[in-house]
Amino acid sequence: SHLQNLPAELKLHIAQYTGKNGTGVDLALRQTSRKMKDIAEKTLSQRQQFLVKNGQTLRDLGYIHYVMNALARRPAAEQTFVLTHGQTLKNAGYDGDAMNGLAGLPAAGQTFVLTHGQTLKDAGYDGYAMNGLAGLPAAGQTFVLTHGQTLKDAGYHGYAMNRLATRPAAEQTFVLTHGQTLKAADYHGFAMNDLAAQPVAERTFVLTHGQTLKAAGYSGYVMNRLAAQPAVKREAVLQNLTSNS
């Protein structure tokens, strides 16, 4: 092409303005010839240099294009964190976007995930939920590490566990004690969390009548709302369900 026949100094000058929005070089130039490849690589922006050097490694970690570009714009320390620990995080169920999120967290949160990632994965956590847990106080983290498998067996996923980990001990104990009963009544984690925060009489109502209400098509959220109604209304609903069964 005419471009390849230009003097090297002029091609270098032109290449500097071929990138998107005039930044860096159009990476396609690297594929036109060996000479153009050499010229293009002299004019790569810092972001492009990172992508050229680490693109294959990041693809192997499950990164897709726009997430890779996002990491290329992050501080060098965050990039180094991902490149150093990416395989460990991938094994723990992280995708690229979640890795980028973790890379921006304080070192203590990163260490928590690197230490406990496999345990949390086994408890049903994905990378985003792990990042959320990494930002909680130590007491909340310990609660999840101690009871994660029990909560998973009761139908919890990581996000609902994180929410429960911030709640008072009495609410946590209620869920740990009655989780299987509530799961059998078609409750999921967030609905259990909500019920745990309701007064004792309302919790007792659900524990007593959950199976009847489930058979009538009630979900956990709807049971919670019914439990919050005056006793007279609750009893009227139950009586109606019984008479129609």
Side-chain angles (χ1 to χ4, degrees), residues 78 81-82 85-208 210-211 213-214 219-225 227-228:
E78 297 183 19
F81 173 82
V82 168
H85 301 291
Q87 191 58 53
T88 299
L89 294 171
K90 180 182 179 182
N91 293 342
Y94 269 70
D95 63 17
D97 193 46
M99 290 186 207
N100 289 355
L102 181 61
L105 294 183
Q110 296 171 350
T111 300
F112 172 80
V113 168
L114 291 172
T115 303
H116 302 292
Q118 281 299 321
T119 299
L120 294 170
K121 180 184 178 184
D122 293 342
Y125 271 71
D126 63 19
Y128 300 100
M130 289 187 211
N131 291 350
L133 181 60
L136 293 184
Q141 295 171 350
T142 300
F143 172 80
V144 168
L145 291 173
T146 303
H147 301 292
Q149 195 59 53
T150 298
L151 293 169
K152 179 185 177 185
D153 292 342
Y156 270 71
H157 52 58
Y159 302 95
M161 288 188 213
N162 288 353
R163 182 79 60 83
L164 183 61
T166 67
R167 304 302 301 164
E171 296 180 19
Q172 295 171 348
T173 299
F174 172 80
V175 168
L176 292 171
T177 303
H178 301 291
Q180 284 298 326
T181 299
L182 293 170
K183 180 184 178 184
D186 266 2
Y187 267 72
H188 57 64
F190 282 125
M192 289 188 210
N193 291 349
D194 290 346
L195 180 62
Q198 293 181 219
V200 173
E202 297 175 15
R203 300 196 304 246
T204 301
F205 172 81
V206 168
L207 292 172
T208 304
Q211 283 300 320
L213 294 169
K214 174 189 172 184
S219 69
Y221 286 127
V222 179
M223 290 187 212
N224 290 350
R225 289 198 293 272

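In this chain, residues are counted from 1 in sequence order.
- Side-chain N/O atoms of Tyr156 and Asn193 include a donor and acceptor closer than 3.5 Å.
- A donor-acceptor pair is defined here as one N or O able to donate and one able to accept, closer than 3.5 Å; no such pair exists between the side chain of Thr111 and the backbone of Ala108.
- Judged purely by atom type and a 3.5 angstrom limit, Tyr187 uses its side chain to pair as donor or acceptor with the backbone of Gly220.
- Distance check: Lys183 NZ to Leu151 CG gives 11.5 Å after rounding to the nearest 0.5 Å.
- A pairwise comparison of heavy atoms in Leu105 and Ala134 identifies CD1-CB, 4.2 Å as the closest pair.
- Rounded to the nearest 0.5 angstrom, Asp194 CG and Glu202 CD are separated by 11.5 Å.
- At a threshold of 4.5 Å between non-hydrogen side-chain atoms, the residues Leu213 and Phe205 count as touching.
- In this structure, Tyr159 and His157 have perpendicular ring planes: the angle between them is above 60°, well past the 30° mark.
- The nearest pair of heavy atoms linking Gln149 to Asp122 is OE1-O, 3.5 Å.
- Phe190 and His188 have perpendicular rings, their planes meeting at more than 60° on a 0 to 90° scale where under 30° would count as parallel.
- The two residues Gln198 and Asn224 have their closest heavy-atom pair at OE1-CB, 3.1 Å.
- Here the straight-line distance linking atom CD of Glu171 with atom CG of Leu195 works out to 10.0 Å at 0.5 Å rounding.
- Annotation: side chain of Arg203 is not in contact with side chain of His178 (no heavy-atom distance under 4.5 Å).
- Atoms CG and CE, on Asp97 and Met99 in that order, are 10.5 Å from each other to the nearest 0.5 Å.
- Among all heavy-atom pairs drawn from Met161 and Lys152, the shortest one is CE-N, 3.7 Å.
- Taking all atoms of both residues into account, the shortest heavy-atom contact from Asn131 to Ala98 is ND2-O, 3.1 Å.
- Residues Tyr94 and Asp126 are not in side-chain contact: their nearest non-hydrogen atoms beyond the backbone lie 4.5 Å or more apart.
- The two residues Gly140 and Ala165 make their nearest non-hydrogen contact at O-CB, 3.6 Å.
- When Asp95, Leu133, Leu102 are each tested for a side chain to side chain contact (heavy atoms under 4.5 Å, CB included) with Tyr128, only one passes: Asp95.
- Atom OG1 of Thr115 and atom CD of Gln110 lie 11.5 Å apart (nearest 0.5 Å).
- Expressed to the nearest 0.5 Å, how far CG of Leu164 lies from CZ of Phe174 amounts to 11.0 Å.
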